[in-house]
2 protein chains.
Amino acid sequence: MKRKITLKQIARELDVSISTVSKALRNSVEISDDTKQKVQAFAKLYNYRPNNIALSLKNRRTNTIGIIIPEIVHHFFSKVIRGVELVANKRGYNVIVGLSNESFAKEVINMEMLANGSIDGFILSMSKETLQQQDYHHFNETMSQGMPIVMFDRVVSDVNCDKVIVDDFNGAKNAVKKLINNKCKSIALITTKDYVSVGKLRTQGYLEALEESKMIPQSELILKIDDSLDYEVHLEKLEAEIEQLFKSNEKIDGVFAVNELYALSAMKVARKLGLDIPNDIQVIGFTDGVLSKHATPSLTTVSQHAQQMGEKAADLLINKLESENDEEEERFQTLVIPTELIERESTK
Amino acid sequence: MKRKITLKQIARELDVSISTVSKALRNSVEISDDTKQKVQAFAKLYNYRPNNIALSLKNRRTNTIGIIIPEIVHHFFSKVIRGVELVANKRGYNVIVGLSNESFAKEVINMEMLANGSIDGFILSMSKETLQQQDYHHFNETMSQGMPIVMFDRVVSDVNCDKVIVDDFNGAKNAVKKLINNKCKSIALITTKDYVSVGKLRTQGYLEALEESKMIPQSELILKIDDSLDYEVHLEKLEAEIEQLFKSNEKIDGVFAVNELYALSAMKVARKLGLDIPNDIQVIGFTDGVLSKHATPSLTTVSQHAQQMGEKAADLLINKLESENDEEEERFQTLVIPTELIERESTK
DNA sequence: TTGTACGCGTTATCAG
DNA sequence: CTGATAACGCGTACAA
């Protein structure tokens, strides 16, 4: 099993010094054409490539960015990764992925693993557990060691760093306004518990839209789901609660759900109760997923432009990494990505 | 902006040598308890962690595995990554992700980027373009440089390495047999062009099932889709072709589709033509996706156990990396992951 | 018990 | 034009 060839080996074979080989390969003017040709030919023959690790050690930068997300089997996060990867590769960086699996402990461990020299900076979205525990010491510690962080989607004001977020508030508000314009008189909200910041903002958007239209929010129309449960259990409970909601509020003619799954469940339950979509009930969801597009009827959703978020986050991070002015006062920015309402068959 | 603390800095502060610090931190018996305590306390205070890059250079191994997939916004590949990540982390490895985006050139570039010392081995699934061009030199070159590769799902016999594959043939065969047992007399197949090996195997499974039941395969019931097109165009063309298929073969009472999207499209078209599922037509798809589960009616599918594939691939790779016996003759294995038929509402 | 020297692979600097 | 040396950060064999 051969090893990769190194400068040293080339030098030995050609009976020159290591530094001569190094210079010859970089086409230095210091080296004679003869030597250059000889070295380059040999290097090409043996397919020489500089060892990244050695370069990283020398340059004190790895040209690798770490991305930590709560879960990869989610369209939204996959798309963000794709965006990050796209920009990163274009700018000469690799991407290393860590999954927190929504666990605080795994998030911390993963960050520690990567922070010890493997990467130059982080792009991350916090786990639900971290949001719940409100323990952000690992972020602040990482940053105090000179490693920049860009957070996306699930962010928190207690951590001072660059951020890329969805305009959850206005996305939700516009969605609900759409329902109102479509003559819905009694609009239900299916959301998560408030500790997930995005859920909270979407809830606020819902309330704001109602108020602007002089409609009075009714607490019995707001369903807050506990999403910390196991997926299967969660799903079952979800449908039961939605059914309960519909049954106790027969006047409901519109539903805004803070994610795709809730929206689909609402449609499923509605159909089960013999309600027609969109004639009896109109439904709008939130997210970029495939489910919405291929559902029956296809679901009107608020698109988050996940890939674009990934791209922006990557640009933000790499810009910071490559900015020479370490001295310059730290200026953190928060990019807000506008949402877009994609109208499909679940609304009129 | 502080830098991470190093052995050298600790040594200077404490006025001892670097190696003393190193030994003290590893609790060497050579060092006096006094010194150990002093050093360890200091290191803890400043949160010292050995630099991974330096270790990688020294140990000539990075404890990182590279995974290259054609596309990340696909449930199947996301799940594989999750499986790889799970096992890798458990065994002390990181995972670095590269996307080929189904392009041969990007696959080659990505591999070259990672092969130069960044990782210890590859887990990958080939791009469609690579399969079409049948150019595998980059795999063989990588392996000849001592970097092991484990391929999964899309493999090819021309490359000699460890492999993890789905039992596509039997998965398809069993699915079609299920349709036959359910009294389907005229079963259509919606598949891809043959260069995608998995599509080919699934087609063979379909044919075998028919033959075993003494049913005669009819070419007009087999629809081969060109999936090299742009997604949107593809989708539109797909539905048109399926509609054509159904219209010219009204006797069709069963459909086996080699992926989720084709199956869903078949259901959509069937519904459009006023056919009831599963009473008029029964449908089975192939894959692990979310679409099947949340479709209406929910889709019976052949599950591929993607996460398990990722786990097996990671174990295979790490075992190889950690086996001392470089001398031992190379023995490559191919793991076949059995499929599982998940019955839902689209079949009786 | 502590320290010195070396090597991992590379490049930059300086001496020849 | 070429080569020796140092440095990136670490661990370890060996010397003191």
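The side chain of B:R26 sits closest to D:dT12 out of D:dC10, D:dT12, C:dC14. Across D:dT2, C:dT10, D:dG9, the shortest atom-to-atom separation from the side chain of B:T6 is found for D:dG9. If you check C:dT10, C:dG3, D:dC10 against the side chain of B:A54, the one that comes closest is D:dC10.
For the pair A:N59 (side chain) and A:R61 (backbone), a donor-acceptor distance under 3.5 Å is absent. Judged purely by atom type and a 3.5 angstrom limit, B:D135 uses its side chain to pair as donor or acceptor with the backbone of B:H137. Looking at B:S22, its side chain never comes within 3.5 Å of a backbone N or O of B:I18 through a donor-acceptor pair. Using a distance-only test at 3.5 Å, with no hydrogens or angles considered, a donor-acceptor pair links the side chain of B:N51 to the main chain of B:I53.
A donor N or O paired with an acceptor N or O is not found under 3.5 Å between the base of C:dT1 and the side-chain atoms of B:S32. Between the side chain of B:K23 and the base of C:dG3, at least one donor-acceptor pair of N or O atoms lies under 3.5 Å.
Note: CG (A:L57) to C1' (D:dG9) measures 6 Å, nearest angstrom. At whole-Å resolution of the value, CD1 in B:I53 and C1' in C:dG9 are 13 Å apart. The CG-P distance, from B:D15 to C:dT2, rounds to 13 Å in whole Å.
Not one side-chain nitrogen or oxygen of B:Y48 sits closer than 4.0 Å to the OP1 or OP2 atom of D:dG9. Taking 4.0 angstrom as the limit, A:T20 places none of its side-chain polar atoms (N or O) nearer than this to OP1 or OP2 of D:dT2. Between B:S22 and D:dC10 there is no side-chain polar atom (N or O) within less than 4.0 angstrom of OP1 or OP2. The phosphate of C:dG9 (OP1 or OP2) has a side-chain N or O of B:R60 nearer than 4.0 angstrom. Within the 4.0 Å cut-off from OP1 or OP2 of C:dC8, at least one side-chain nitrogen or oxygen of A:K8 is found.
Residue contacts for A:L7: at a heavy-atom cut-off of 4.0 Å it reaches a base atom on one of the strands shown. No engagement by A:S56 is indicated, since no non-hydrogen atom pair under 4.0 Å with the nucleic acid exists. Counting non-hydrogen atoms under 4.0 angstrom, A:L55 reaches the backbone sugars and phosphates but no base. Looking at heavy-atom distances under 4.0 Å, B:S19 makes contact with a base.
Take the nearest nucleotide of DNA chain D for B:N51 and for B:E30: the residue whose nucleotide is more 5' is B:N51. Positionally, the nearest nucleotide of DNA chain C for B:V29 lies more toward the 5' end than for the other of B:K58 and B:V29.
Using modelled atom types, one finds no donor on one side chain facing an acceptor on the other under 3.5 Å when comparing A:E13 with A:Q9.
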